[in-house]
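In what follows, every heavy atom counts, from backbone to side chain, and hydrogens, waters and symmetry copies are set aside.
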Amino acid sequence: MAQEYFDFTNDLIFRWVMEREENCLAILRAILPELKITAVKRRENEHPVNHLAFDDERGVRFDAIIEDDQERFYDVEMQVANQPGLGKRVRYYQAQIDQETLKKGEDYDDLRESYVIFFCAFDPCGQDRRLYQFHYYEDADRQLRLPTNSHVILINALGTKDQITPELAAVLDVMNRRRDNTNPLAVRLVKEIDDYNRDKKRRRALMNLKMRLKDEWRLGLSEGFDQGRAEGKVEGLSQGRAEGKAEGLNQGRAEGRDEMQDEMTLGLIHALQAQGMPQKQIVEALALTRKISLAEAQHYYEQVAQADSGGAH
């Protein structure tokens, strides 16, 4: 039986690749050729991550910041799951990069130019573009840009529109497990990822991470069921007693069961999202677990997405 292959989108694989400064330089130059970056260095934060033990902070805080030869700073992330709140996640990373790079005694005038870059295994904006770049603009006059010296770039591995460099196209091919790209950067990254998959110590870390995520998924599923059952019983009995009639009790039990099922379902969705599972797989798992149609499962998923975004469309 063939061993499972861990690709560039895997959290540990991506971090190991980005630990090498030559990879950081090549990837940043692929994304931003106009900056003419000639050298980079990694600035470790005060609490470096132990990758082999994977004793991190659930991916919320980056483990290193990249600085180039012009004192610009970059945070490059991999985002696999298309979850609500990507904008807020970007905002959080921007705040973190400012906090990490501002030296003691400096004020906001000393903030360096910064880039928060996300490689997305999905289309984050739904326009089939391969690269989206965001800045602060005045609402009524789009020509008026606020000079914050900060940039946000979202790279869509599934996009077909926009001109990008051959090197960035090579990186996206590696993300998509295409091994036929002969670009030197693609060849180098594929070889490095293959080596990580063969290395016994690193492979053990990869398998440990996989098992940990699976255990957390099971725990989340169990907690969702337990919470749903408890809340369903309380809701049903409370309403039945308040009405004081058999009809009320029956209705309470029925609504309690419905409430229980809804809570179980929402708990399951949140648990799967927390593990980074893509939307399509969540919907399919939900339909299988609840024995409902894909359309009903999709409706539940959209309910969660709407609630997490504050009801905004």
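The minimum heavy-atom distance linking I193 with F6 is given by the pair CG2-O, 3.5 Å. The shortest heavy-atom contact between Y132 and G126 is OH-N, 3.9 Å. Between A157 and L172, the closest heavy-atom pair is CA-CD2, 4.0 Å. Between I66 and C24, the shortest heavy-atom contact is CD1-SG, 3.7 Å.
V116 and F122 fall into different hydrophobic clusters, where Ile, Leu, Val, Met, Phe, Trp and Tyr are joined by side-chain heavy atoms under 4.5 Å apart, directly or via other members. By the rule that hydrophobic residues join a cluster once side-chain heavy atoms approach within less than 4.5 Å of another member, Y5 and L206 end up as members of one cluster. When the side chains of ILVMFWY residues are joined at heavy-atom separations under 4.5 Å, either directly or via intervening members, F134 and V90 end up in a single hydrophobic cluster.
Checked against Y74 for a side chain to side chain contact (heavy atoms under 4.5 Å, CB included), the options L35, V40, I97 give a single hit: L35.
Atom CG of residue L154 and atom SG of residue C125 lie 5.5 Å apart, to the nearest 0.5 angstrom. Distance check: Y93 OH to E77 CD gives 4.0 Å after rounding to the nearest 0.5 Å. In this structure, E67 CD and I37 CD1 are separated by 11.5 Å, a value rounded to the nearest 0.5 Å. Of the inter-residue distances, the one linking R20 atom CZ with R42 atom CZ reads 12.0 Å to the nearest 0.5 angstrom. The distance from the CD atom of E22 to the CD1 atom of I27 is 10.5 Å, given to the nearest 0.5 Å. Taken to the nearest 0.5 Å, the CG atom of L168 stands 6.5 Å off from the CG atom of L131.
Salt bridge annotation for R203-D199: absent, with no cationic side-chain nitrogen under 4.0 angstrom from a carboxylate oxygen. Under a 4.0 Å N-O distance rule, the pair R179/D194 qualifies as a salt bridge. Looking at D162 and R130, no side-chain N of the basic residue comes within less than 4.0 Å of a carboxylate O on the acidic one, giving no salt bridge.
Counted within 6.0 Å of OH on Y136, heavy atoms from surrounding residues, nucleotides or ligands total 12 or fewer; the atom is thus considered open. Within 6.0 Å of atom CZ in R177, more than 12 heavy atoms from other residues, nucleotides or ligands are found, so the atom counts as buried in its surroundings.
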Exercise. Stepwise, does the side-chain contact (heavy atoms from CB on, under 4.5 Å) test hold for I31 with F119?
Worked result: CA-CA 11 Å; I31 300 168; F119 279 99; 3.8 Å; yes
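Note on residues 149-186: pairs passing ring-ring contact (aromatic ring centres under 6.0 Å, His included), not counting sequence neighbours, are Y115-H151, H135-H151. For residues 101-126, every residue pair satisfying the salt bridge (Lys or Arg N to Asp or Glu O under 4.0 Å) rule, not counting sequence neighbours, is listed here: E106-R112.
For the residue pair N23/R188, the side-chain donor-acceptor check at 3.5 Å is satisfied.
Aromatic rings from F14 and F8 are positioned such that their centres are separated by under 6.0 Å.
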